[in-house]
Amino acid sequence: MSRICYVNGDYVAEEDAKISVFDRGFLFADGVYEVTSVLGGKLIDFDGHATRLSRSLSELAMPSPVTRDELLDIHRELVTRNGIEEGLVYLQITRGAADRDFAYPTDAAPGIVLFTQTKTLIESPAARAGIRIVSLPDARWGRRDIKTVQLLYPSMAKMEAKAQGADDAWMVEDGHVTEGTSNNAYIVKGSTIVTRQLGTEILAGITRNAVLRFAREAQMKVEERAFTVEEAESADEAFVTSATTFVQPVVSINGSEIGDGTPGPVARRLREIYIEESRKAGI
Ligand code: PLP
C-alpha cells in the first residue's frame, strides 16, 4: 500500500502527489521545511516546530497557507492514515509556482506538502555504538537560522565524511565548530556541556532547546559558546542532537577517540531523559 501524502489541501496517494515544475522551491530552493518525529503515534515537540516554521516563513516574507491548528490536524491525519507508530512527518512550504524571476512573485500562492516516513528512532544502532565525525569547512550561506530546503552543501559534506570513513561531518567556520550537517553539535568537558550559542550561523534546533532545558533541570552545567575542533578532539564526550536522532553520542573526531571511544555517560543519560520526557509530552 502506498503512503498518503498531503498536497495543497488534498490527501493523495504518493503516486499522485505532484507539484508544478514552475514551483520556486524546485527552481530557487525558495522554501522552508520542518521534520517532526513520531513516537508511539504521537508528535514530539509539535509546538516548537510550528513556532520555528512561522519564524522561517516570516524571515522570507512568505505567507503561510495554513494556520497552526490546521497544520496540527494535517500532521495527525497523516500519522493516522499511514499508521505511523515510530518515524517522522516531513513538511515543506514553498513560495509556489510563478514565471521564473529572481524577484519574489506577487501573485504566487504558497504551496504546502507533507509526507510521513516510518523509521526506527529509539533502537538505533548509531545511538548504541556512537558515530564518527570529521571536520570540514562550513561553506553554507549566512542565514542558517532559517530552515530552508537548500541542503546541497550539507549533503556534499555528508558524502565527503563517508568517503573519509566517518558517519557525519561537523562544519567549521573561523576556527570554530558551527554544527553538524543535520544536527547541533556538543562537547562535554569535565561536567560542563558546551554547545554553540544561537545566531545566524546555526539552526536553533528544537531538540537542542529541549535537551538544554532537561540538562539544566538535571543540574548539569551548560555553556553556550563556540568551541574549536582541537577542544572537541580532546573533549571527555561529544554528541549531536536532532528531531530524528534525539541525542546521539560521538565517539571519534578526525580519528581521535573521544573519552574511551564509547558513548559517554552524559550523552546516554540525556538521551534517556529526552526519550522519556518526549513520550510523556507527545500530542
Ligand atoms: N542543524 C541543522 C543544520 C539541521 O539541519 C538540523 C535538523 O535538521 C538541526 C540542527 C537540528 O534541529 P532539530 O533539533 O530541530 O531537528
Side-chain angles (χ1 to χ4, degrees), residues 29 31-39 43-57 59 71 75 87-93 114-115 117 119 121 124 126-127 131 133 135-161 167-173 176-187 193 195-215 222 224 226-227 238-250 267 270-271 273-275 277-278 281-282:
V32 299
Y33 75 108
E34 284 294 333
V35 177
T36 302
S37 61
V38 178
L39 279 184
L43 298 163
I44 304 309
D45 235 329
F46 175 82
D47 267 327
H49 290 285
T51 302
R52 184 173 64 191
L53 175 69
S54 296
R55 182 181 178 278
S56 293
L57 288 169
E59 290 299 304
L71 202 57
H75 274 74
L88 61 92
V89 182
Y90 177 90
L91 144 78
Q92 180 167 323
I93 295 178
L114 286 92
F115 58 82
Q117 268 176 221
K119 196 169 186 212
L121 305 179
S124 130
I131 58 169
I133 295 293
S135 60
L136 291 174
D138 196 335
R140 296 174 299 164
W141 77 325
R143 288 304 306 278
R144 303 158 196 157
D145 55 315
I146 310 174
K147 197 166 168 67
T148 74
V149 296
Q150 31 162 333
L151 296 172
L152 192 52
Y153 184 71
S155 198
M156 287 170 73
K158 183 119 183 170
M159 293 308 290
E160 176 58 25
D167 302 297
D168 204 352
W170 280 6
M171 295 176 285
V172 180
E173 186 170 63
H176 292 90
V177 173
T178 51
E179 57 188 336
T181 58
S182 59
N183 45 56
N184 290 113
Y186 307 73
I187 56 172
I193 299 164
T195 193
R196 193 177 180 109
Q197 72 280 5
L198 297 182
T200 50
E201 303 80 18
I202 65 167
L203 184 73
I206 302 307
T207 321
R208 174 189 184 280
N209 188 45
V211 164
L212 293 187
R213 188 173 75 246
F214 298 142
V222 175
E224 293 182 60
F227 58 85
F239 61 92
V240 296
T241 65
S242 77
T244 53
T245 60
F246 309 150
V247 178
Q248 199 168 63
V250 168
L270 283 173
R271 182 177 175 86
I273 300 175
Y274 180 79
I275 292 173
E277 294 298 323
S278 298

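All figures in this text were calculated on a predicted structure; none of them were measured in a lab. In listed order, ligands and their atoms are each counted from 1.
Considering backbone and side-chain N/O atoms, Ala243 comes within less than 3.5 Å of an N/O atom of ligand 1. Of the N or O atoms in His49, none lie within a sub-3.5 Å distance of an N or O in ligand 1. On a distance-only criterion, Ser242 and ligand 1 share no N/O pair closer than 3.5 Å. Of the polar atoms of Gly180, none of the N or O atoms is found under 3.5 Å from an N or O of ligand 1, judged by distance alone. When only interatomic distances are considered, the shortest N/O to N/O separation between Arg140 and ligand 1 does not fall below 3.5 Å.
Salt-bridge check for Arg208 with Glu179: failed, with every basic side-chain N at 4.0 Å or more from each acidic carboxylate O. Between Arg52 and Glu34 a salt bridge is recorded (basic side-chain N to carboxylate O distance below 4.0 Å).
The minimum heavy-atom distance between Ala169 and Ala157, with the atom names listed, is CB-O, 4.0 Å. Taking each heavy atom of Leu91 and His75 in turn, the nearest pair found is CD2-CE1, 4.3 Å. Between Ser242 and Ser182, the shortest heavy-atom distance links the atoms CB-O, 3.5 Å. Asp145 approaches Leu203 most closely through the heavy-atom pair O-CD1, 3.7 Å. Minimum heavy-atom separation, Tyr90 to Leu88: N-CD1, 3.9 Å.
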Exercise for the section: Test side chain to side chain donor-acceptor pair (under 3.5 Å) on Asp45 and Asn209 and set out the steps. Expected result: CA-CA 10 Å; Asp45 235 329; Asn209 188 45; over 6 Å; no

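Remark: minimum distance from atom 5 (O) of ligand 1 to any protein heavy atom is reached at Ser182 CA, 3.4 Å. With respect to atom 12 (O) of ligand 1, the closest heavy atom belonging to the protein is Gly205 CA, 3.4 Å. For atom 13 (P) of ligand 1, the closest non-hydrogen atom of the protein is Ile206 N, 3.6 Å. Among protein heavy atoms, the minimum distance from atom 2 (C) of ligand 1 is reached at Glu179 OE1, 3.6 Å. Of the protein's non-hydrogen atoms, Lys147 NZ, 2.9 Å is the one closest to atom 8 (O) of ligand 1.
Looking only at distances, no side-chain donor or acceptor of Arg140 sits under 3.5 Å from a matching main-chain atom of Thr181.
Residue Thr207 touches ligand 1 through backbone and side chain together, judged by heavy-atom distances below 4.0 Å.
Proximity of Met171 to ligand 1 is not established, as no heavy-atom distance is less than 4.0 Å.
Evaluated by nearest non-hydrogen atom to atom 15 (O) of ligand 1, the leading choice among Glu34, Arg52, Arg208 is Arg52.
Proximity to Asn184 (heavy-atom distance under 4.0 Å) selects the following atoms of ligand 1: 10 (C), 11 (C).
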